[in-house]
K.L.:
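There's a structure below that I have some questions on.
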Amino acid sequence: MAVELCLLLLLLCGSTVSEEQPLPKPPPGTLDFGFVPAKTYDTNAYHEPGPIGILFRLVHSFLYLVQPNSFPQDLIKKLTQQKFGNVQGDYQKAIYYEIGFIVSAALGLLFVLLLPLVGLCFCMCRCCDNCGGEMHQRQKKNADCRRGCFATFLFVASLIISIGVLCAYAANQHLTSQVRGAKNLVNSNFKDLRIFLNDTPGQIDYLVSQYNTTKNKAVSDLNNVGPLLGSRVQERFAKEVRPALDAALTMAGAIRETKEALENVSVSVEVLQEGTERLHSNLTDVKIHLSNTLSDSACSAAQAASTCNIIRNSLNQLNINANFSGLPGVSIQLAKVNDVLKIDLSSLVQKGYAAFNDTPDLVLNQTRNIISDIKNLLDFIGSNITSFTKMLPVQKVLTDLTIYLAQSEAYVQDYFPVVEQYDFYRWLGCLILCCMVILILLFYYLGLLCGTCGYDKHASPTTRGCISNTGGNFLMAGVGFSFLFSWMLMIIVVITFVTGGNVQKLVCEPFEDRTLFKVLDTPYLLNRHWRNYLSAIVLKNPDINLTFEKVYSDCKENKGIYTTLHLENLFNINEFLNISMYTEDVSLKIEHINVNLSNIVLLDEIGKRNLLDFSSSGIDGINFAAYLTEINKSVTKVDLLSFANDLEARADQLPKGALENALKGHANSIRMIHNQQVVPLEQAMSTLNQSIRLLQRTSSEFMVKVKNVISAVDAAQLLISNDASLVIIQETKKYMDMIIGYFEQYVEWVKESITMEVAACKPIANVIDTAVDIFLCSYVIDSVNTFWFGLGGCSIFLIPAIICAVKLSKYYRRMDTEDVYDDVETIPMKNMENGNNGYHKEHLYGIHNPVMTSSVEQW
């Protein structure tokens, strides 16, 4: 059922995907389809064990020492294919791989067999007053040292056993707490699976609805076919048309500037002619008046004669220098230019601009019918997609899967209390095992405590105190319980060690490095007739390379189930909805666009004739040399201001009187003539100079410029007339590619969404990780391995604890007999004469110890 859902979901999503690869083209405008709606999955398939993780890593290191061999892929494959043992050496390879576990288990079994037997023999031996059973202690010089060493060794062994039992208890508690908390993890996985099922239809609907984004963008561009297509056509011609029209418009401005320059020349010449005549007359009057003044008798005086002669000799400088009366007029050229300006060339050029700028409107008006057909086709595509999605029984499949998921969840919820109950029994059994060790430790610690605190080094072995004797009895009780419980503990250790260790090495570690998936992906492993088991189950085709490892990896990366399960091998999407067929129809509709640009006239014949008339206006026939010759001259032969200043300076040299005053009056008159007449004439000459030089500079280029302008306009007009159809076809193709590009964007977005976002299968990987990595390996196996590791350490260190406890109890318990020496005879060889190796029975000396006697009888 799950496979059917995956196929159905991807059928819906893939129904919008075209198998044809788009041709290389300029990238169209980017569409924003938003984000596929997706909820966040709650399950975090990662377990951090916390402080107990240190113990887990220690156990992993120990298992590596026991089993350093790599994962036996070949043996597992043969075992799965039931071919194990067919080839000689398979059993040797298996034994070699398991040699660490075999040796460790053999030692454990040897411990189980020998320790009860040794305990039985030890008990029988002590009953025969051997093996330390005789209640007699020989006096030795190093007795205190031996007692201290045995006590220290026993304490260290007990401490190590305590650490081991704490590890075992911590592992037991960790497993129970994790099992109890696993319910939330299981519920989280079921919740994610429900989200996976419930969100997928909404994701499909979102993918389908985003077709409207594509259609709306396409419709918007179709409505703006004038600005888009028309502007593109316009820009293609603009490289030739706009410079030509700009040149014609510049020429119209040049005609106006030429007229202004001719008018300036005409006015300036007239002003200069009139001004120079008036200036000549005024200067003549000044000279006559100066001559009359210099004829005065005062100039005959010896002091003034030389000055008057100098002034009289400079009078011929008061005359005009430039003669403008002989300059040719420009009235003929001005009249011709005025005739040219009767036709508004600028207006004609603006009409050309307007006609060219109306290209977008021209395209819009001539494509109305075709654009309407394309819009109808887009609506038809959208209705097909909607109707197709309604035909698929998505809801029925989802409902069935939801029911199946609910049943599975109910089954888990029903049986989870049973799991918790059995886990309680397991926890109780492990706790009892820990309590066995704790009971032994309790006797050892009490024995050490009572023995150490109650020991009196001045007391003889037969007179030791009750506390010391009780400490020794506790130690022997601990020894007895050690023999009783240790073999049972070791049986549990061996069983859990072999089971947990092999699961860790054969399941958990290969799962972590994904070697286990590689084994499962071995061809013909799970079915001898199927090369790829997973593809045969899902896709009904065992030849498709669909592997467990790839599926798990893709789901781990939260990719879509379509890509993960290679469902493209199950359907031919174009059979359900072939977008390329519709895009081809759109292309054909757009290719029928035909725009006629023959009505565009950049510059009519009147405008061209106007330009030619201007070029033949005769401006180049003006005698610029005659004008420039006179312009370069000064207005007068001498600078009147300098002459007036010089005249006034010479008048100052004369004696005070009428002559001096008269000459100064003439100087002022000359200054007035300069300011009132010469300065305006100089300004008129400057204007004339600028206008003449402008006309001289441009007149030589007018003919060439006019011809270039007319040629450029004709070339642009010819381009529009001859190449318009080709340009329109090319730009229409680009416009069509832009419209089709929106659909291809939609297709690519759907592909990417299907690959990464739609029906993202992260919950499937989470379920696998939860079941294997977290629950089996992290919760169960790590805890079980830590439990046997701690309990095994306890069992092993019980052996030195037993030995030390037996030895140490001799120094704490009250003896029945002891070595007795005479005060003078302290040499043992001498004491041997008394018999029995230097000691006597107490009753021989009349010493009787009723307390010790009763203790012996009880023992």
K.L.:
Judged by modelled atom types alone, do Tyr552 and Asp769 share a side-chain donor-acceptor pair under 3.5 Å?
P.N.:
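Indeed, the side chains of Tyr552 and Asp769 share at least one donor-acceptor pair under 3.5 Å.
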
K.L.:
Could you pull out all residues at least two apart from Trp487 that satisfy ring-ring contact (aromatic ring centres under 6.0 Å, His included)?
P.N.:
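Partners of Trp487 under the ring-ring contact (aromatic ring centres under 6.0 Å, His included) test: none.
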
K.L.:
Please determine, by modelled atom types, if Gln421 and Tyr425 share a side-chain donor-acceptor pair under 3.5 angstrom.
P.N.:
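Yes, because at least one side-chain N or O of Gln421 sits under 3.5 Å from a partner of the opposite role on Tyr425.
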
K.L.:
Will you find, in the side chains of Glu98 and Asn69, an N or O donor that is under 3.5 Å from an N or O acceptor?
P.N.:
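No.
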
K.L.:
Does one side chain, of Tyr41 or Ser188, offer a donor that lies under 3.5 Å from an acceptor on the other?
P.N.:
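No, no side-chain donor-acceptor contact under 3.5 Å.
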
K.L.:
How far does NZ of Lys191 sit from CG of Asn187, to the nearest 0.5 angstrom?
P.N.:
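Rounded to the nearest 0.5 Å, the NZ-CG separation comes out at 10.0 Å.
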
K.L.:
Taking side chain to side chain contact (heavy atoms under 4.5 Å, CB included) as the criterion, tell me which of Val493, Leu433, Asp782 meets it with Phe787.
P.N.:
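Exactly one candidate clears the test, Leu433.
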
K.L.:
Any chance you could measure Cys804, atom SG, to Ile799, atom CD1, to the nearest 0.5 Å?
P.N.:
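That separation rounds to 12.0 Å.
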
K.L.:
Can you list the residues that meet the salt bridge (charged side-chain N to carboxylate O under 4.0 Å, His left out) rule with Asp423, with sequence neighbours excluded?
P.N.:
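Asp423: salt bridge (charged side-chain N to carboxylate O under 4.0 Å, His left out) contacts with Arg426.
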
K.L.:
Applying ring-ring contact (aromatic ring centres under 6.0 Å, His included) to Phe474 and Tyr444, what does each step give before you reach the verdict?
P.N.:
CA-CA 7 Å; Phe474 275 136; Tyr444 283 158; over 10 Å; no

K.L.:
Hey, is the main chain of Ala765 close enough, under 3.5 Å, to the side chain of Lys556 for a donor-acceptor pair?
P.N.:
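Judged by distance alone, no pair lies under 3.5 Å.
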
K.L.:
Taking all atoms of both residues into account, what is the closest heavy-atom pair of Ser795 and Met490, and its distance?
P.N.:
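So the two residues come closest at CB-CE, 3.5 Å.
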
K.L.:
Under the side chain to side chain contact (heavy atoms under 4.5 Å, CB included) test against Val503, which residue among Ile781, Asn785, Val780 passes?
P.N.:
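The residue from Ile781, Asn785, Val780 that satisfies side chain to side chain contact (heavy atoms under 4.5 Å, CB included) with Val503 turns out to be Ile781.
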
K.L.:
Side chains of Thr770 and Asn189: any donor to acceptor distance under 3.5 Å?
P.N.:
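Result is yes, a qualifying pair exists.
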
K.L.:
Measuring from atom CG of Asn172 to atom OG of Ser177, what distance do you get when rounded to the nearest 0.5 angstrom?
P.N.:
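Between Asn172 CG and Ser177 OG, I get 9.5 Å after rounding to 0.5 Å.
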
K.L.:
Do His174 and Tyr169 have ring centroids that are under 6.0 Å from one another?
P.N.:
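No, too far apart.
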
K.L.:
Between Ser104 (side chain only) and Phe101 (backbone N and O only), is there a donor and an acceptor less than 3.5 Å apart?
P.N.:
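Not at all, since once roles are kept as given, no pair shorter than 3.5 Å links the two residues.
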
K.L.:
Once rounded to the nearest 0.5 Å, what's the spacing between atom OG of Ser778 and atom CG of Leu175?
P.N.:
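If we round to the nearest 0.5 Å, Ser778:OG and Leu175:CG are 11.5 Å apart.
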
